[in-house]
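See structure below.
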Amino acid sequence: MEPVRGRTTICVSSQVGCAMNCQFCFTGRMGLRKHLSTAEIVEQAVFARRLFSDELGSINNVVFMGMGEPFHNIDNVIKASAIMVDEQGLHFSPRKVTVSTSGLVPQLKRFLQESNCSLAVSLNATTDEVRNWIMPINRKYNLNLLLGTLREELNLRQKQIVLFEYVMLSGVNDSMDDAKRLIELVQGIPCKINLISFNPHGGSQFKPTPDDKIIEFRNVLIQGGLTVFVRLSRGDDQMAACGQLGEPGGYQLPLLRVPEKFQVAL
């Protein structure tokens, strides 16, 4: 739950745990425990409305950015998001329901063809070398395939844009060269960029990029003609911020080998 300037956003989960094993994400340590049903996904929004509307006013936005990779549970996510925007359902505006993915390309294409909700893509790197390491899904669907698919699909649809989420990891993906590469990578894709401050957690290898460097990175992107937002941390004090949800327990997915040139940064 995130109240901001008269706008209240709820964050819903699509799975318990996650199979993607993104190296900066606490939830990824859990592995996948179960897919949530359509009803279990929708009930999160219904419950939040019942619990918080009196206190915070109407809930305006729903983001599928809680636990899980939504497109790994694509059938239930498409059904749940459809119920959320249906006038006989929860009647949210489709522009106000955003589904985020780490980049499962076939399911991404299906979502764009079947749903009128908004799309966010967790990008987090500007080279395959880095993305292969911090987001193993990139080994199956690399940057060229992911971004080429978005360029092709979004150019068929007027007025639809993608939100690229970019978690800033000190010494890993936050150089000015990364900023310049990011400008090149998203050329021809109608998009906005959301720079996210990394939220540390137990066992994390990564460090947050300092705020002044995030601003410098943002300024390079803006000078390159991109629309950019910066999301500073909320909920970090309660381990409830982005990438911090979960309870790995005794079994945890393995950390991947750190490429040699990044070992100093960590």
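This chain uses plain numbering: 1 for the first residue, then up along the sequence.
- Between the side chain of Gln15 and the backbone N or O of Glu69 there is at least one donor-acceptor pair closer than 3.5 Å.
- For Arg139, the CZ atom is densely surrounded, since the number of other residues' heavy atoms within 6.0 Å is greater than 12.
- Met168 and Met176 fall within the same hydrophobic cluster, defined by Ile, Leu, Val, Met, Phe, Trp and Tyr side-chain heavy atoms under 4.5 Å apart, directly or through other members.
- Summarising the geometry, atom CG belonging to Asn142 is positioned 8.5 Å from atom CG belonging to Leu146; distances are rounded to the nearest 0.5 Å.
- For the pair Leu185/Thr126, a side-chain contact is recorded, criterion being any heavy-atom separation below 4.5 Å from C-beta on.
- Heavy atoms of other residues, nucleotides or ligands lying less than 6.0 angstrom from CD of Gln158 number 12 at most.
- Contact check for Val121 versus Glu165: no side-chain heavy atoms found under the 4.5 Å cut-off.
- Arg257 pairs by the side chain to side chain contact (heavy atoms under 4.5 Å, CB included) definition with nothing, not counting sequence neighbours.
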Run the numbers on Asn124 and Ser122 for side chain to side chain donor-acceptor pair (under 3.5 Å), then give the verdict.
CA-CA 6 Å; Asn124 307 320; Ser122 193; 2.8 Å; yes
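- Not one N or O on the side chain of Asn21 forms a donor-acceptor pair closer than 3.5 Å with the backbone of Met135.
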Evaluate the side chain to side chain donor-acceptor pair (under 3.5 Å) criterion for residues Asn138 and Asn132: first the C-alpha distance (whole Å), next the side-chain angles of each, then the deciding distance (0.1 Å), finally the verdict.
CA-CA 5 Å; Asn138 196 72; Asn132 285 348; 2.7 Å; yes
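- With Ser58 contributing its side chain and Asn60 its backbone, the two residues share no donor-acceptor pair below 3.5 Å.
- The stretch residues 111-136 participates, sequence neighbours left out, in these ring-ring contact (aromatic ring centres under 6.0 Å, His included) pairs: Phe71-Phe111, Trp133-Phe206, Trp133-Phe262.
- In this structure, Met67 and Met30 have side chains that are in contact, with non-hydrogen atoms separated by less than 4.5 Å.
- Figure legend: Arg181 and Tyr166 shown without cation-pi pairing, the cationic atom not lying both under 6.0 angstrom from the six-membered ring centre and within 45 degrees of its axis.
- Applying the side chain to side chain contact (heavy atoms under 4.5 Å, CB included) test to Ile83 and every residue at least two apart in sequence or in another chain returns Thr38, Val42.
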Yes or no on side-chain contact (heavy atoms from CB on, under 4.5 Å) for Ile189 and Leu147, after CA distance, side-chain angles and deciding distance?
CA-CA 8 Å; Ile189 302 175; Leu147 298 172; 4.0 Å; yes
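- Residues meeting the side chain to side chain contact (heavy atoms under 4.5 Å, CB included) test with Asp211, sequence neighbours left out: Ile214, Leu232.
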Do Thr101 and Gln107 pass the side chain to side chain donor-acceptor pair (under 3.5 Å) test, and can you show the C-alpha distance, the side-chain angles, and the key distance before you say yes or no?
CA-CA 9 Å; Thr101 180; Gln107 292 89 337; over 6 Å; no
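- In terms of the salt bridge (charged side-chain N to carboxylate O under 4.0 Å, His left out) criterion, residue partners of Lys34 (sequence neighbours excluded) are, by chain and number, Glu40.
- For Lys213, the NZ atom sits in a packed shell: over 12 heavy atoms of surrounding residues, nucleotides or ligands are nearer than 6.0 Å.
- Scanning both residues, Phe92 and Asn61, for their nearest heavy atoms gives CE2-N, 4.5 Å.
- By the side chain to side chain donor-acceptor pair (under 3.5 Å) test, Arg110 is found to be paired with Asp75, Glu114, residues two or more places apart in sequence or in another chain being considered.
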